[in-house]
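Below is one structure, written out as structure tokens; the observations come after it.
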Amino acid sequence: MASEATWVSMQRKAFVGWCNMHLRKKRYDPIEVNAVETSFDTGIKLMELINALYNVPFPKKYSKTPKMRMQKVDNLTHAFNMVAAAEITLRGTGTGNLLDHDLKMILGMIWVIILDYNVKGISVEELSAKEGLLLWCQRKTKGYDGVNVKNFYNSFNDGLALCALIHRHRPDLLDYDEVKSKDDAAYALETAFSVAEKDLDIPRLLDVEDMTSSSRVDEKAVICYVSEYFHKFSSMDQVETAGRRVGNLISITQQNKELQDAFENKAGAFKEWVDNKTDAHSQKDYADTHEGLRDQLADLRAYKRGEKAEKAGEKVEIESIYNNYQTRLRMQGRAPYQAAEGLSPAELDASWNNLNGVDRTRQVELRDELKRRLIDEQLLKRWASKTKRMHLRLDLLNEDTVEVVNDAKLGWNLETVLPSQEAFEGLEQEYASLSGLWNEIEALAAKIADRGLEITKYTHYTLDSIRAEYEAAGANVSEQKAAISDVVSLQQANDVLCKEFAQQANQFNDWVTERTADLNAELTGEPEEQLAAIQAKRNAIGEGEAMFAALGDANQRVEDAGILENQHTELEYEALASLYKHLDGIALQKIKTIQSTTGTQRAEVTDEQVNEFKEMFEHFDKDKSGALQNYEFASCLSALGHNVSGHELDAVIKKWDTTGDGKITFDEFVAFMIDQVQDVDSADQILQSFSVLAGGKDYVTEADLRSGKLSDEEISYCVANMPLYNGEEGCFDFKAFTQSVYA
């Protein structure tokens with residue numbers, strides 16, 4: 001166990017260093033390490049420390065240069081009152097201990113303050129502050145070779161634990177393996193102390209000699225120093241968690257991208273093969289000879305059994321990859337994958353089916369061509385050919401008449417129907433032109449009959465059957481002619497409705513456009529006159545109601561007729577209705593703009609926020625006077641994280657004290673809180689934000705800016721544009737900078 005002299009020496013150095021770190025923020029004189037027992041006997045240094053830590057104001061009257069014991073006692077009484085105001089309980093330490101220079105009691109008092117300010121707030125898994133800090137150190141140094149944190153009195157003696165903490169959070173500041181390889185505790189400790197002081201703004205509260213002179217050092221001094229590491233690095237845990245989550249996301253996304261690429265590569269290659277084969281097999285490149293036609297049929301059969309069969313298996317594999325990818329996305333809670341155009345399983349299936357159809361068509365056409373050539377020289381082929389030609393023309397004529405009529409029925413206006421009517425007239429002429437072919441067929445049938453040949457040997461057509469088709473086609477033309485006439489008549493009636501709507505829609509659109517321009521026109525005169533003018537314009541909007549109703553009736557007639565598109569206008573009823581309804585919104589927005597400009601609108605807060613403000617006000621209104629005294633308001637500011645000096649407190653009260661009585665009423669407090677919770681582009685709020693980053697200093701450093709999570713670009717801008725504070729390198733005058741921005 002460390003000797004009394006050892007722990008007193010360590011506590012003296014560590015505690016004094018910690019106090020001086022905070023005293024410097026208020027530019028108070030530091031405490032001499034060897035004079036700590038005499039530094040508190042006047043009460044002034046204790047008052048400065050409590051003011052620097054908790055922003056508790058100095059008493060209005062106290063002795064600045066106490067010489068007599070009674071003066072010192074009075075000062076110490078004021079100092080202990082400030083300690084009580086900071087809600088710190090000092091058990092066993094009184095004015096006598098400080099007057100009599102009781103070193104142990106003075107160190108104990110400083111330790112209680114350190115615990116309250118720096119350690120008490122540490123909480124890890126509901127453990128005590130000390131245990132929580134120890135657990136934090138164990139977690140952060142886990143896995144580091146040579147580090148085994150078990151306690152605070154000897155686990156940090158070799159310096160490796162401190163180096164591990166720094167390397168764990170800022171690996172760019174030191175090379176842990178290099179420090180470990182030295183096997184030198186003094187070197188490791190000096191490295192940690194130097195890096196922490198230079199790059200992390202953690203003061204050197206411990207000495208290398210004290211840490212290495214005994215196997216059991218003073219744990220309070222170590223806790224005091226290590227707690228600074230906790231506060232510096234604990235905020236980095238959130239960054240670490242965020243990085244892990246982003247890493248997981250990237251890993252999952254990369255895996256998904258690999259699956260997606262695999263699908264798209266295979267599907268793309270498959271689609272390209274299908275398209276190429278479809279294009280190739282769609283070509284009518286049939287041979288001119290019987291032998292050539294037979295070879296083409298053989299090649300087609302070999303392709304189906306070989307190359308195409310393999311592609312069928314590949315198609316199944318592609319569908320499996322796609323379905324597995326979609327299942328993965330669904331289980332990950334991500335949006336379904338939308339394949340590129342033409343690559344979805346349904347589209348690939350459609351392309352495949354289309355290829356099957358093309359292949360079947362090619363096979364049929366090859367066989368037909370071969371058959372046609374074999375009977376080319378025979379008389380009966382002429383009969384088969386002519387009757388087949390008549391049949392095909394009649395069949396095509398029948399299909400075309402039905403298709404033309406169906407196209408007409410699908411037409412959405414008169415303009416799209418009239419071409420179908422013209423096409424049908426061409427089909428009528430086509431039927432009339434078949435009379436010549438019919439005469440040839442009758443003549444050929446007579447020749448075949450004269451020779452006594454079987455007319456159906458190479459075709460199933462007889463003279464009666466082809467006549468039946470010929471006459472049926474004539475009946476179909478007559479029937480479809482009546483149908484297309486009905487369609488044209490319907491579209492003519494619809495065209496009248498469309499023109500009626502177009503006329504009213506154009507008229508109403510012009511009216512809305514004029515009203516919109518009128519509402520958006522620049523207003524002149526006093527705000528009251530502008531409000532009256534815009535209100536009159538708003539009232540005039542109602543004049544369009546009758547016109548809007550008539551437009552609605554015309555639109556309803558168009559919809560009742562099932563009309564999908566109006567070729568006479570691009571205006572839509574719904575869009576015009578929306579424009580009409582927005583007219584009042586434009587007027588209201590302009591009224592609000594004028595009102596907000598003249599100050600007639602006030603920022604509003606929710607009832608819940610008001611209740612929270614009320615609870616906070618009543619908490620700090622200790623004397624229940626209904627108004628916050630300056631010290632009560634100072635406590636409130638401290639709870640909100642604002643450490644203000646006496647002069648700053650007076651300035652804040654003066655700003656929000658609208659009654660001028662030096663107190664803050666509830667309404668004044670609500671106005672102050674609204675200013676705190678709302679982001680306002682104002683010099684006051686920016687100064688307050690810089691003050692928070694500066695930690696109470698009158699200047700900010702680059703490290704302060706980084707603690708606020710500013711980007712590298714934002715920090716570079718500040719460093720380049722902020723003036724130096726009193727010419728000190730690395731210290732930037734944020735007040736002068738803010739004043740220049742809002743000048």
Side-chain angles (χ1 to χ4, degrees), residues 13-14 16-31 33 48-49 51-53 55 117-118 162-163 165-175 189-207 224-225 227-236 239 641-645 647-648 683-743:
K13 296 174 183 176
V16 168
W18 185 86
C19 291
N20 288 340
M21 174 179 65
H22 293 285
L23 288 171
R24 279 195 295 269
K25 294 179 180 179
K26 290 282 189 172
R27 297 188 179 276
Y28 295 140
D29 292 335
I31 301 172
V33 174
E48 290 177 345
L49 181 60
N51 175 261
L53 293 173
N55 206 36
Y117 186 84
N118 219 38
L162 295 174
C163 289
L165 286 174
I166 295 174
H167 185 267
R168 173 66 178 78
H169 296 90
R170 289 292 302 275
D172 57 311
L173 297 182
L174 59 80
D175 185 344
L189 287 166
E190 180 58 30
T191 299
F193 292 160
S194 299
V195 171
E197 184 176 37
K198 177 184 176 182
D199 299 305
L200 301 176
D201 200 25
I202 298 177
R204 188 187 293 256
L205 304 182
L206 302 173
D207 287 341
C224 176
Y225 183 67
S227 65
E228 293 296 328
Y229 281 66
F230 172 86
H231 289 292
K232 176 62 67 175
F233 293 135
S234 59
S235 62
M236 293 185 178
V239 175
H642 302 299
N643 295 322
V644 298
S645 64
H647 294 298
E648 292 172 335
D684 289 344
Q685 191 170 91
I686 296 302
L687 283 173
Q688 182 182 4
S689 300
F690 269 122
S691 180
V692 170
L693 292 177
K697 304 189 296 294
D698 291 331
Y699 60 86
V700 293
T701 65
E702 185 174 342
D704 294 334
L705 297 173
R706 291 193 182 280
S707 70
K709 305 301 180 184
L710 273 71
S711 66
D712 290 340
E713 291 78 7
E714 292 169 338
I715 293 173
S716 298
Y717 179 85
C718 290
V719 170
N721 292 276
M722 279 187 173
L724 295 177
Y725 180 79
N726 292 337
E728 296 181 21
E729 190 66 26
C731 301
F732 302 99
D733 191 340
F734 63 83
K735 293 182 180 179
F737 172 75
T738 303
Q739 290 173 356
S740 68
V741 171
Y742 287 92

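In this chain, residues are counted from 1 in sequence order. What you see is a predicted model; the values in this text were computed from it and never measured.
Considering all non-hydrogen atoms of both residues, Cys19 and Leu49 come closest at SG-CD2, 3.9 Å. Of all non-hydrogen atoms in Leu53 and Tyr117, the two that sit nearest each other are O-CE1, 3.4 Å. Shown here for Thr738 and Ala683, the closest heavy-atom pair between the two residues is CG2-O, 3.9 Å. Between Leu693 and Gly708, the closest heavy-atom pair is CD2-CA, 3.6 Å. What you find for Tyr225 and Leu162 is that their closest heavy atoms are CE2-CD1, 4.0 Å.
Using a 4.5 Å cut-off on side-chain heavy atoms (C-beta onward), Phe230 and Leu165 make no contact.
The distance from atom CG of Leu724 to atom SG of Cys731, rounded to the nearest 0.5 Å, is 8.0 Å. Distance OG1/Thr191 to NE2/His167: 13.0 Å, rounded to 0.5 Å. The CG atom of Asp698 lies 13.0 Å from the NZ atom of Lys25; values are rounded to the nearest 0.5 Å. From Phe734, atom CZ reaches atom OH of Tyr699 across 10.5 Å, with rounding to the nearest 0.5 Å. Here the straight-line distance linking atom CE of Met21 with atom SG of Cys224 works out to 7.0 Å at 0.5 Å rounding. Separation of atoms CG (Leu705) and OG (Ser707) is listed at 7.5 Å; rounding is to 0.5 Å.
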Item to complete: Could you walk me through whether Phe737 and Phe690 pass side-chain contact (heavy atoms from CB on, under 4.5 Å), step by step?
Response: CA-CA 10 Å; Phe737 172 75; Phe690 269 122; 4.2 Å; yes

Worksheet item: So Lys26 and Asn55, side-chain contact (heavy atoms from CB on, under 4.5 Å) or not? Walk me through it.
Response: CA-CA 10 Å; Lys26 290 282 189 172; Asn55 206 36; 3.4 Å; yes

Worksheet item: After noting the C-alpha distance and the side-chain angles of Arg170 and Phe233, does the key distance pass the side-chain contact (heavy atoms from CB on, under 4.5 Å) rule?
Response: CA-CA 9 Å; Arg170 289 292 302 275; Phe233 293 135; 4.3 Å; yes

Practice prompt. For side-chain contact (heavy atoms from CB on, under 4.5 Å), just list the numbers for Leu174 and Cys163, CA-CA rounded to whole Å, side-chain angles, deciding distance to a tenth of an Å, and then say yes or no.
Written response: CA-CA 8 Å; Leu174 59 80; Cys163 289; 4.3 Å; yes

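Using modelled atom types and a 3.5 Å distance limit, the side chains of Asn51 and Tyr28 yield a donor-acceptor pair.
A donor-acceptor distance shorter than 3.5 angstrom exists from the side chain of Asp733 to the backbone of Lys735, with no hydrogens or angles considered. Looking at Ser716, its side chain does come within 3.5 Å of a backbone N or O of Asp712 through a donor-acceptor pair. Put simply, the side chain of Asn20 gets close to the backbone of Ile31: a donor and an acceptor are under 3.5 Å apart.
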Name the atoms and distances for all side-chain donor-acceptor pairs under 3.5 Å in residues 193-207, with sequence neighbours left out.
from	atom 1	to	atom 2	distance (Å)
Ser194	OG	Glu190	O	2.8
Ser194	OG	Glu190	OE2	2.8
Ser194	OG	Arg204	NH2	3.3
Arg204	NH1	Glu190	OE1	2.9
Arg204	NH1	Glu190	OE2	3.4
Arg204	NH2	Glu190	OE2	3.1
Asp207	OD2	Lys13	NZ	3.0

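With sequence neighbours excluded, the residues satisfying side-chain contact (heavy atoms from CB on, under 4.5 Å) with Asp704 are Lys697, Val700, Thr701. Remark: Glu228 engages Trp18, Asn118 in a side-chain hydrogen bond (donor to acceptor under 3.5 Å, both in side chains) (not counting sequence neighbours).
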